[in-house]
Amino acid sequence: MISEYNPQEIEPKWQKHWADTDAFKMTEDHDKPKKYVLEMFPYPSGDIHMGHVRNYTIGDVIARYSKMRGYDVLHPMGWDAFGLPAENAAIKHKSHPAKWTYANIETQKASFKRMGFSYDWDRTVVACDPEYYRWGQWIFEQFWKKGLVERRESPVNWCPECKTVLANEQVTEGRCWRCDSVVEKRDLTQWYFKITDYAQELLDDLDKLEGWPERVKQMQANWIGRSEGAEVDFALCDADGNPTDETITVFTTRADTLFGCSFFLLAPDYKGLEEMVAGTQYEAGVKEVIEEAKKTTAVERAQGDKEKHGAFTGRYVVNPINDEKIPVWVADYVISDYGTGAVMAVPCGDQRDFEFARKYDLPIIPIILGKDDPLFEQLDGVQERKITSVDWDKAYDAEGILVQSGKYTGMVGGKHSPAVDAIMEDLAKAGKGKKTVQFRLRDWLISRQRYWGNPIPAIHCEHCGVVPVPEEDLPVLLPEDIDLAAGETLATHEEFINCTCPVCGRPAKRETDTMDTFTCSSWYYLRYTDPHNKELPFDKDKVNRYMPVDQYIGGIEHAILHLLYSRFFTKVLRDLDLLDFDEPFTNLLCQGMVKDEHGETMSKSKGNVIAPEDMIAKYGADAVRAYILFMAPPDKDLQWSTDGLEGMWRFLNKVWRMVQILAGVEDDYSANNVNNEISDEQIKKLASDLTRELNRVVGKVTDDFEKFGFNTAIAALMELVNTTNAYLKVPADKRDANLCIEVAEKLVMMLSPITPHFSDELWHEVLGHGEDLNDTPWPDYDPELAKASEVEIVVQVNGKIKARVNVPADISEDDAKELGQKTVAEQIEGKTVRKVIYVPGKLINIVAK
RNA sequence: GCCCGAGUGGCGGAACGGCAGACGCGGAGGUCUCAAAAACCUCUGUCCACCAGACGUGUGGGUUCGAAUCCCACCUCGGGCACCA
């Protein structure tokens, strides 16, 4: 009797079996090639949603497939467990963040097990576990020793809602990445990782990442933002207008336009600006600009087309190219933390400077022109300054010819132009400038004014300054007795704060900031290679064996943040001689987002999060796994709809019955499909069709798995099922039993990475195998058997299809061309055949006039 | 403004420069059944009464015997960066 497919029964059964037999425990079999398959670890926010299901299903299929292909697979899972949501939940429920976090971890872990994911749970890393975060502190101290940690005061992004500072990467269009509040600028002393020291290498090594999506590399390159230019020194004049030895340096990519520099700009928060105007008649005007700029939010700045404001400072600087004195203004569009915070303004060649000059009536001197500019005729070849105003309505920022530019007149100007080189060479000789490179990337601000994070292991001593906690005293533990709901923080926790200075032994204060949670996720993948190490974050041999990650899978939202930080960590740890590779992730698959029925991104606040539980209850985890893979290629965004899930359920049921029939279990399902009149010849043809299809599909599915074409792999499996179904027309006693078993076994094997419970049940209970599919080698195929002996080819006349003919697959080119012409004799009658194109197995195209 | 992607039936999506729409969903009809469900079998891009045929991969050009695919221009949508000097 044929049995019914009941996932509710078999899924828990196999999950228990896998757990009982440690099926996914890593064997560390060094005779096999290694493969590290990793999905980005989740934040334990609550239960899992379809985005998790998609991400982890993709990873699980790759891991299971790799295991069958004979790799020593490392496939771990953990939790990115520090962070603000836990703290907010704790405040709301008058509880402790750890309680919320660990409860959610248990929930998610149960869901992952219910999905049948093949993780080695003995290697789990939980970021808020002292066993893990102590090594985060240890690594911080190694960075510190190497000079990559800095504590300094500067304007920083402050999120009023999250009540903490944020890294540059965590601010999008002036808003907090987590809560979307408008961030404020504040001057605060904060801790930084000097990621900018690695800017060039982080940019250069993107070229090594052939297995990364181009768009992610592009985004990182944009973010790093390398800009080649020059630093030029302008001598500052004293209050009476006499040049001094003091200089102000600007960064420019357009040194060729120095002759057009008619004023000079400082950022509102330029260091020393207030002192410069203190007590002068210009103080009030400058201060007004400074105050206004402070009020302007980053969101408003991001608009871009904001009206510019500025004020004269009363001071002058000397343009080094022509010794001209030009006025220094403060301007709100100059950014203090890019370049030097000072800008040489060239209104004729820069749209922003142009607008500023128009508004404040400053001279616009044309020094670079296009050849078709009406002014060009008057100024062509003119070296001295003749014209000091223009009637343009916008700046000319393209490549052009220099005019009114002294000996450089006539040269081609523009970014990276010969004029830039010539001018910089001369300025360098005079000691007034040099070529340099600027990066948009800023240092990574890692301190957070929050409790639920990894404490920064530092001690503030009045006598010794800021000193690291001795390594033997690590970890600095988070105090557990804290009442966040009552407003307590680390900064109010006396017991935590008070300590002794490890250098001088006097009473001292502990640092109360914690580290950005992105520090935790920047190295967790290394810890998985050696998760229980008590001496070091990881053993060098082990990390070198399993790293880099061969296949990393996660969302595009981490294209910059997590992936850039992790690359930085890896490079620093390499330079600390803790590991021997340059990049952490060899291949990266960014799976597309799962959106709701209306194409909206899912979020808790919108209340449109779709959870898999109901679907699992109705159709089982295997159907959900298969369906989400079948919906779209993994890297494409996907609009969720349950419409096709029923179809996947039908498919699995069909396979379920089919395998039993193929294995010889009593056949009552195909009764109305059986054709008792079928001829021996037809039987033979159906069998050879099936043999060919089986070999073709094993080849196709193997190829598709290699390139993550899971949707087409599943489609190919459906095609095999359809062909098998056609074969089942043959009455049971006339079927080729060996072929039937071969089809059943290979079908089940190929399905097993996608639908593991379903497959193991059939494998053991119907096909009678003892070993789990997880330990079974991937099926092979014979490419020769996948070839058809006869193929249908298309006959075209002038590229239009006119007929189809069946030909032997090995037909000669001449025979094919002749047959083609015979087939369409009518259509080409009276025309001259100019050319006949034959594509073997595909078509014959007859070009006739 | 700069830099990436993507536009294919009613829907999700297939197609090394070579039969557009595989596979699935949805839809229509049928078999089985007292009936229904399930299962099974046909059909299902558009136009045309049918055949024949014509038209069809965002738009317009081009290359080619042949273009969804390659090139150019444009349109629309999505993403990233952005007063970055």
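In what follows, every chain begins at residue 1, and chains take the letters A, B, ... in the order their sequences are listed.
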> Provide, to the nearest angstrom, the distance between the CH2 atom belonging to A:Trp177 and the P atom belonging to B:G79.
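Spelled out: CH2 on A:Trp177 to P on B:G79 is 19 Å.
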> Check this one for me: any side-chain N or O of A:Tyr338 less than 4.0 Å away from OP1 or OP2 of B:A85?
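So the side chain of A:Tyr338 is within the cut-off, an N or O lying under 4.0 Å from OP1 or OP2 of B:A85.
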> Rounded to the Å, how far apart are A:Asn798 CG and B:C65 P?
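It is 11 Å, rounded to the nearest whole Å.
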> Is the number of heavy atoms from other residues, nucleotides or ligands under 6.0 Å of A:Lys217 NZ greater than 12?
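Check passes, neighbour count above 12.
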> Check whether any side-chain nitrogen or oxygen of A:Arg650 sits under 4.0 Å from OP1 or OP2 of B:G26, and answer yes or no.
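Affirmative; the distance criterion is met.
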> Where does B:C81 land, syn or anti, given syn is within 90° of 0?
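Here B:C81 takes the anti form, which means its glycosidic angle is more than 90° from 0.
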> Apply ring-ring contact (aromatic ring centres under 6.0 Å, His included) to the pair A:Phe264 and A:Trp329, showing each step before the final yes or no.
CA-CA 6 Å; A:Phe264 194 89; A:Trp329 286 60; over 10 Å; no
> Taking atom types as modelled, is there a side-chain donor on A:Arg226 or A:Gln438 under 3.5 Å from an acceptor on the other?
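No, because no side-chain N or O of A:Arg226 sits under 3.5 Å from a partner of the opposite role on A:Gln438.
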> Nearest-Å distance, CG (A:Asp397) to P (B:A82)?
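My rounded result for the distance is 20 Å.
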> Mind checking A:Ile837 for me? I need base, sugar-phosphate or nothing, with any heavy atom below 4.0 Å counting as a touch.
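The answer is base, as A:Ile837 lies within the cut-off (heavy atoms under 4.0 Å) of a base atom.
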> Can you tell me if CD on A:Glu790 sees more than 12 non-hydrogen neighbours from other groups inside 6.0 Å?
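Above 12, so yes.
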> Show your working on salt bridge (charged side-chain N to carboxylate O under 4.0 Å, His left out) between A:Arg657 and A:Glu4 and close with a plain yes or no.
CA-CA 8 Å; A:Arg657 291 187 299 264; A:Glu4 288 287 313; over 6 Å; no
> Using a heavy-atom cut-off of 4.0 Å across all strands, would you classify A:Lys415 as base, sugar-phosphate, or nothing?
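Sugar-phosphate, backbone atoms only, no base.
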> Take atom CD of A:Glu355 and atom P of B:C83, then tell me their distance rounded to the nearest Å.
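Roughly 14 Å, once rounded to whole Å.
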> Look at the side chain of A:Ile801 and decide which nucleotide, out of B:C81, B:C19, B:C83, has an atom nearest to it.
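That would be B:C19.
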> Start with the C-alpha gap between A:Ile326 and A:Cys261, add the side-chain angles, then the distance that decides, and say whether side chain to side chain contact (heavy atoms under 4.5 Å, CB included) holds.
CA-CA 8 Å; A:Ile326 52 173; A:Cys261 175; 3.4 Å; yes
> Under 4.0 Å, heavy atoms only, any strand: does A:Asn653 hit a base, just the sugar-phosphate, or nothing?
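Since no nucleic acid heavy atom lies under 4.0 Å of A:Asn653, the category is nothing.
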> Please work out whether B:G10 sits syn or anti, treating a glycosidic angle within 90° of 0 as syn.
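Chi for B:G10 falls in the anti range.
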> What is the separation between atom CE on A:Met219 and atom P on B:A82, rounded to the nearest whole Å?
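One finds 11 Å between P of B:A82 and CE of A:Met219, rounded.
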> Can you work out whether A:Gly341 or A:Ile793 has the more 5'-proximal nearest nucleotide on RNA chain B?
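Looking at RNA chain B, the more 5' nearest nucleotide goes with A:Ile793.
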> Determine which bases of RNA chain B form Watson-Crick or G-U wobble pairs with both distances under 3.5 Å, and write the result as a 5' to 3' dot-bracket string with | for other-strand partners.
(((((((..(((.....[....)))((((((.......))))))(((.....)))..(((((..]....))))))))))))....
> May I ask you to verify if any side-chain N or O of A:Lys654 is less than 4.0 angstrom from the OP1 or OP2 atom of B:C40?
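Yes, A:Lys654 has a side-chain N/O under 4.0 Å of OP1/OP2 on B:C40.
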> Closest approach to the side chain of A:Leu843, judged atom by atom: which nucleotide of B:G18, B:G80, B:A85 is it?
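The closest nucleotide is B:G18.
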> Establish, with yes or no, whether the OP1 or OP2 oxygen of B:C84 is under 4.0 angstrom from a side-chain nitrogen or oxygen of A:Arg352.
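Yes, within the criterion.
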> Can you list every pair that meets side-chain hydrogen bond (donor to acceptor under 3.5 Å, both in side chains) and has a residue in residues 248-262 of chain A, with sequence neighbours left out?
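Counting only pairs at least two positions apart or across chains, the side-chain hydrogen bond (donor to acceptor under 3.5 Å, both in side chains) contacts touching residues 248-262 of chain A are A:Asp233-A:Thr249, A:Arg254-A:Asp256.
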> What contact category does A:Arg440 fall into here, base, sugar-phosphate, or nothing, at under 4.0 angstrom with non-hydrogen atoms?
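Here A:Arg440 touches the bases of the nucleic acid.
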> I'd like to know if A:Asp643 reaches the base of B:C25 with its side chain such that a donor and an acceptor end up less than 3.5 angstrom apart.
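Absent.
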> Which comes earlier along RNA chain B counting from the 5' end, the contact point of A:Arg215 or that of A:His309, where each point is its nearest nucleotide?
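Between the two, 5'-proximity favours A:Arg215.
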> Choose from B:C3, B:C81, B:C84 the nucleotide whose nearest atom is closest to any side-chain atom of A:Arg442.
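That would be B:C84.
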> Nearest whole Å is fine: how far is B:A85 C1' from A:Phe264 CZ?
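Computing the A:Phe264:CZ to B:A85:C1' distance gives 11 Å.
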> At under 4.0 Å between heavy atoms, what does A:Arg226 touch on the DNA or RNA strands: base, sugar-phosphate, or nothing?
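Nothing, no nucleic acid heavy atom in range.
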> Provide the distance between the two C1' atoms, one in B:U64 and one in B:C72, to the nearest whole Å.
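It comes out at 16 Å once rounded to the nearest Å.
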> Between B:C55, B:C81, B:C84, which nucleotide has the shortest distance from any of its atoms to the side chain of A:Ile335?
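Ranking B:C55, B:C81, B:C84 by closest atom to the A:Ile335 side chain puts B:C84 first.
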> Given A:Gln660 and A:Ser3, is the side chain to side chain contact (heavy atoms under 4.5 Å, CB included) satisfied, shown in steps?
CA-CA 8 Å; A:Gln660 294 184 68; A:Ser3 76; 3.4 Å; yes
> Can you tell me the distance, in whole Å, between the CD1 atom of A:Ile844 and the P atom of B:C19?
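Rounded to whole Å, this separation is 14 Å.
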> What string of B, S and - do you get for nucleotides 11-17 of chain B, 5' to 3', if B is base contact, S is sugar-phosphate-only contact and - is no contact with any protein heavy atom under 4.0 Å?
-BSSS--
> Rounded off to whole Å, could you give me the CG-to-C1' distance for the A:Leu441 and B:C81 pair?
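So the two atoms are 13 Å apart, to the nearest Å.
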> Looking at every strand, decide which applies to A:Glu792 at a 4.0 Å heavy-atom threshold: base, sugar-phosphate, or nothing.
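Touches a base.
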> OP1, OP2 of B:C65 versus side-chain N and O of A:Lys835: anything below 4.0 Å?
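Result: yes.
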> Touch check for A:Gly225, heavy atoms < 4.0 angstrom, all strands: base, sugar-phosphate only, or nothing?
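Nothing, no nucleic acid heavy atom in range.
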> Does A:Lys434, at its NZ atom, have more than 12 non-hydrogen atoms belonging to other residues, nucleotides or ligands within less than 6.0 Å?
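No - once you tally the heavy atoms of other residues, nucleotides and ligands closer than 6.0 Å, there are 12 at most.
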> Could you tell me whether the phosphate oxygens of B:C41, OP1 or OP2, come under 4.0 Å of any side-chain nitrogen or oxygen in A:Asn725?
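Result: yes.
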> Assess, by modelled atom type and distance only, whether the side chains of A:Gln351 and A:Glu355 contain a donor and an acceptor separated by less than 3.5 Å.
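A:Gln351 vs A:Glu355: donor-acceptor pair found between side chains.
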> Does a donor on one side chain sit under 3.5 Å from an acceptor on the other, for A:Asp350 and A:Tyr396?
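There is no such pair between these side chains.
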> When you check the side-chain N and O atoms of A:Trp223 and A:Glu169, is any donor under 3.5 Å from an acceptor?
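Yes, because at least one side-chain N or O of A:Trp223 sits under 3.5 Å from a partner of the opposite role on A:Glu169.
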